[in-house]
Chemist: 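Got a structure here, written out as structure tokens. Questions coming.
What you are looking at is a predicted structure, and each value in this text was computed from that prediction instead of being measured. Positions are given from 1 along the sequence.
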Amino acid sequence: AATNTLDNLLDFFPSSQGDGLNIIWAHGVNSHEELDKSLSDDTMMLETDIILRGIGTENPTDIPVNAHPPATDSDLLVLDFVNETTLTSGKGMKLDFKYLEAVGPTMEIVLNLTDQIKCPLWINADIVKGPNSPKDPISPVEFIETANSTLTRLSCLLVLPPAGVLCRPRTSILGP
């Protein structure tokens, strides 16, 4: 999703030896403690959940934070997550959006840091309701349109059972 990265995750991580199973992930990096741990170990890709601070409360904001519902706040701002991960060469990011409202403000942060981001940056949203999901999924069209309205180059992979939709730089959408 950033402009100065390799398109292929396996190329960015040569130690993967061309096999995605060799990519080391840290999931739920939603606090400073988890971020510090992941930045100092052999993790290659950091996955974080994104909400807006206070969403669903009496005091909602438009500040993106790293938290997984039902949490409504975190000690880690998305700005800090992207900044700190960007400063650590060799780590990639996956931003997992829990609400459509968080996409625009987060993409503004990414846009402002685009020249600094030299690593894989994936964006993700739950676009299909899972069996244990308490909320409706995010509209895939609105998700892509919101992300594309901010970034001029977006690479994303939306996995839909049983087929996939592939988005390459602002152009093609391939279906089943």
Side-chain angles (χ1 to χ4, degrees), residues 1-6 8-16 19-57 60-127 130 132-135 137-138 143 146-147 150-151 154-159:
T3 57
N4 298 318
T5 62
L6 296 170
N8 188 329
L9 185 66
L10 300 177
D11 291 339
F12 188 81
F13 297 113
S15 63
S16 70
D19 188 342
L21 293 175
N22 293 327
I23 302 293
I24 300 169
W25 285 83
H27 293 278
V29 181
N30 296 327
S31 68
H32 274 288
E33 180 182 352
E34 287 295 321
L35 179 60
D36 291 344
K37 178 183 174 214
S38 298
L39 292 177
S40 64
D41 66 16
D42 60 353
T43 297
M44 297 172 176
M45 290 289 292
L46 287 68
E47 183 270 346
T48 188
D49 304 296
I50 300 179
I51 64 169
L52 292 179
R53 174 171 276 160
I55 195 161
T57 71
T61 70
D62 63 352
I63 301 169
V65 296
N66 304 67
H68 191 285
T72 60
D73 203 354
S74 172
D75 70 336
L76 183 58
L77 299 175
V78 170
L79 175 63
D80 295 337
F81 175 87
V82 175
N83 249 333
E84 292 178 37
T85 304
T86 298
L87 294 174
T88 305
S89 63
K91 306 279 183 174
M93 298 175 273
K94 177 185 171 196
L95 310 179
D96 190 354
F97 293 95
K98 299 304 176 186
Y99 298 94
L100 181 63
E101 297 85 353
V103 178
T106 300
M107 291 296 95
E108 287 292 333
I109 291 168
V110 170
L111 178 66
N112 290 334
L113 297 173
T114 296
D115 290 342
Q116 297 165 249
I117 299 173
K118 309 281 190 228
C119 64
L121 172 61
W122 289 7
I123 62 171
N124 176 73
D126 296 333
I127 60 170
N132 298 316
S133 178
K135 66 181 206 66
I138 293 174
F143 174 63
T146 302
T150 306
L151 296 179
L154 174 65
S155 296
C156 65
L157 177 64
L158 303 175
V159 179

Chemist: State whether the side chain of Glu47 and the backbone N or O of Ala26 hold a donor-acceptor pair below 3.5 Å, judged by distance alone.
Modeler: no
Chemist: Does anything in residues 92-110 form a salt bridge (Lys or Arg N to Asp or Glu O under 4.0 Å)? List the pairs, not counting sequence neighbours.
Modeler: Asp49-Lys98, Asp96-Lys98, Lys98-Asp126
Chemist: Residues two or more places apart in sequence or in another chain: which of them pass side-chain contact (heavy atoms from CB on, under 4.5 Å) with Thr72?
Modeler: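 For Thr72 the side-chain contact (heavy atoms from CB on, under 4.5 Å) partners, ignoring immediate neighbours, are Thr57.
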Chemist: List the residues meeting side-chain contact (heavy atoms from CB on, under 4.5 Å) with Leu113, not counting sequence neighbours, and say none if there are none.
Modeler: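 Per chain and number, Leu113 pairs via side-chain contact (heavy atoms from CB on, under 4.5 Å) with Leu79, Val82, Asn83, Ile109, Gln116, Ile117.
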Chemist: Applying side-chain contact (heavy atoms from CB on, under 4.5 Å), name anything that partners His32, two or more places apart in sequence or on another chain.
Modeler: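 His32 satisfies side-chain contact (heavy atoms from CB on, under 4.5 Å) with Asp75, Leu76, Asp80, Glu84 only.
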Chemist: Closest heavy-atom contact between Ile123 and Met107?
Modeler: CG2-CE, 3.8 Å
Chemist: Pro120 and Phe13: which non-hydrogen atoms are nearest, and at how many Å?
Modeler: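 That would be CG-CE1, 4.2 Å.
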Chemist: Roughly how far, to the nearest 0.5 Å, is the OG atom of Ser15 from the CG atom of Asp42?
Modeler: 9.0 Å
Chemist: Using residues 62-70 as the side-chain source, report each donor-acceptor pair under 3.5 Å to any protein atom, sequence neighbours left out, with the distance given to one decimal.
Modeler:
| residue | atom | partner | partner atom | Å |
| --- | --- | --- | --- | --- |
| Asn66 | OD1 | Val78 | N | 3.1 |
| Asn66 | ND2 | Thr48 | OG1 | 2.6 |

Chemist: Quick one: OG on Ser16 to CE on Met44, what's the gap to the nearest 0.5 Å?
Modeler: 6.5 Å
Chemist: Would you say the side chain of Met45 lies within less than 4.5 Å of the side chain of Trp122, judging by non-hydrogen atoms?
Modeler: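 Trp122 vs Met45: side chains touch.
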Chemist: According to side chain to side chain donor-acceptor pair (under 3.5 Å), who are the partners of Asp41, at least two apart in sequence or on a separate chain?
Modeler: Thr43
Chemist: Tell me, do Tyr99 and Ile50 make a side-chain contact under 4.5 Å, heavy atoms counted?
Modeler: no
Chemist: What's the spacing between Asp73 CG and Arg53 CZ if we round to 0.5 Å?
Modeler: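 Answer for the CG-CZ pair, Asp73 versus Arg53, is 4.0 Å.
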Chemist: Any non-hydrogen side-chain atom of Leu95 less than 4.5 Å from a side-chain atom of Thr106?
Modeler: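 They are in side-chain contact.
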Chemist: Residues two or more places apart in sequence or in another chain: which of them pass side-chain contact (heavy atoms from CB on, under 4.5 Å) with Thr85?
Modeler: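 Partners of Thr85 by the side-chain contact (heavy atoms from CB on, under 4.5 Å) criterion, ordered by chain and then number, come out as Leu35, Leu39, Leu46, Phe81, Lys91, Met93.
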Chemist: Whether the side chain of Ser74 engages the backbone of Asn30 through a donor-acceptor N/O pair (distance < 3.5 Å, no angle test) should be reported.
Modeler: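 Confirmed, Ser74 side chain pairs with Asn30 backbone.
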Chemist: Which atom pair, heavy atoms only, marks the closest approach of Leu111 to Thr114?
Modeler: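 Closest approach of Leu111 to Thr114, heavy atoms only: O-OG1, 3.1 Å.
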Chemist: Considering only heavy atoms from C-beta outward, does the side chain of Leu52 approach that of Pro60 to under 4.5 Å?
Modeler: no
Chemist: Excluding sequence neighbours, so at least two apart, what forms ring pair (Phe, Tyr, Trp, His ring centres under 6.0 Å) with His27?
Modeler: Trp25
Chemist: I'd like to check the salt bridge (Lys or Arg N to Asp or Glu O under 4.0 Å) partners of Asp36; sequence neighbours left out, ordered by chain and number.
Modeler: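 Asp36: no salt bridge (Lys or Arg N to Asp or Glu O under 4.0 Å) contacts found.
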Chemist: Are Phe97 and Asn124 close enough that some pair of their side-chain heavy atoms sits under 4.5 Å apart?
Modeler: no
